[in-house]
Peer 1: 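Before I ask anything, here is the structure I am working with.
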Amino acid sequence: MKKTVMVILIESVHNPVRYAEYIAAVKDIVEQHGGEYIARSNKITAFCGTIKPERSIVIGFDSLAQAESCFNSPEYRAVKHLREDSTVSSAFFIDND
């Protein structure tokens with residue numbers, strides 16, 4: 001299945017225990033909303049720029065509406081504090097039109 005919207009997260013983790021709680025909770029939420037994990041890794045090699053994330057995640061969705069629904073859902077809102085409390089992160093929706 002071709003995914004047309006990518007969610008990109010880049011993170012620096014400062015509380016690995018709390019972050020592990022987030023990872024355990026969020027996977028099912030993403031998948032229930034039709035998201036597919038494309039990449040999740042700590043093995044990141046920068047080739048330009050100054051951002052040096054410790055972890056990056058790429059999640060594919062079929063539409064921007066689907067991605068927004070996932071990350072605005074009550075289920076996600078109930079666990080997002082785990083990411084916010086354990087990382088410094090940025091997240092982006094990329095619409096591959």
Side-chain angles (χ1 to χ4, degrees):
M1 178 184 315
K2 182 181 178 205
K3 300 298 182 181
T4 60
V5 172
M6 298 296 150
V7 177
I8 311 295
L9 292 102
I10 52 175
E11 305 172 320
S12 294
V13 179
H14 57 78
N15 186 333
V17 172
R18 191 86 161 161
Y19 187 68
E21 293 175 39
Y22 170 75
I23 294 298
V26 76
K27 182 179 183 295
D28 286 341
I29 295 167
V30 167
E31 291 175 351
Q32 287 171 5
H33 285 87
E36 177 183 349
Y37 283 91
I38 308 299
R40 293 176 282 187
S41 183
N42 296 348
K43 299 174 185 173
I44 302 163
T45 304
F47 64 91
C48 71
T50 59
I51 297 174
K52 297 178 183 172
E54 294 174 6
R55 182 160 178 85
S56 290
I57 299 100
V58 179
I59 305 168
F61 286 91
D62 292 330
S63 69
L64 182 58
Q66 189 181 37
E68 289 174 333
S69 175
C70 176
F71 290 100
N72 289 317
S73 71
E75 300 88 0
Y76 184 76
R77 285 195 312 267
V79 300
K80 76 176 186 172
H81 72 279
L82 296 170
R83 179 184 52 78
E84 293 169 343
D85 294 346
S86 62
T87 69
V88 174
S89 61
S90 295
F92 311 89
F93 293 129
I94 300 174
D95 196 338
N96 187 24
D97 58 1

Peer 1: Once you round to the nearest 0.5 Å, how far does CD1 of I59 lie from CD of E36?
Peer 2: 10.5 Å
Peer 1: Please report the shortest heavy-atom distance between V30 and C70, naming the atom on each side.
Peer 2: CA-SG, 3.8 Å
Peer 1: What are the two closest non-hydrogen atoms of S12 and P53, and how far apart are they?
Peer 2: OG-CA, 4.5 Å
Peer 1: Could you check F92, Y37, F71 and say which one makes a side-chain contact (heavy atoms from CB on, under 4.5 Å) with V7?
Peer 2: F71
Peer 1: Just so I know, are the side chains of H33 and I29 near enough to count as touching, which here means a heavy-atom distance under 4.5 Å?
Peer 2: yes
Peer 1: Kindly work out whether a path of hydrophobic side-chain contacts (I/L/V/M/F/W/Y, heavy atoms less than 4.5 Å apart) joins L64 to Y76.
Peer 2: yes
Peer 1: Answer yes or no: is there a side-chain heavy-atom contact under 4.5 Å between I57 and E11?
Peer 2: yes
Peer 1: Got a second to check how far S89's OG is from Y19's OH, nearest 0.5 Å?
Peer 2: 8.0 Å
Peer 1: Kindly work out whether a path of hydrophobic side-chain contacts (I/L/V/M/F/W/Y, heavy atoms less than 4.5 Å apart) joins I10 to V5.
Peer 2: no
Peer 1: Is the closest side-chain heavy-atom distance between R18 and H81 below 4.5 Å?
Peer 2: yes
Peer 1: For D62, does its backbone N or O pair with a side-chain atom of T4 as donor and acceptor, under 3.5 Å?
Peer 2: yes
Peer 1: Below 4.5 Å, heavy atoms only, C-beta onward: do I94 and I8 meet side chain to side chain?
Peer 2: yes
Peer 1: Just verifying a value: how many Å separate K27 NZ and Q32 CD, rounded to the nearest 0.5 Å?
Peer 2: 10.5 Å
Peer 1: According to a hydrophobic-cluster definition based on side-chain heavy atoms being under 4.5 Å apart (Ile, Leu, Val, Met, Phe, Trp, Tyr only), do I44 and V58 belong together?
Peer 2: no
Peer 1: Using side-chain heavy atoms (C-beta onward) and a distance below 4.5 Å, is I23 in contact with R40?
Peer 2: no
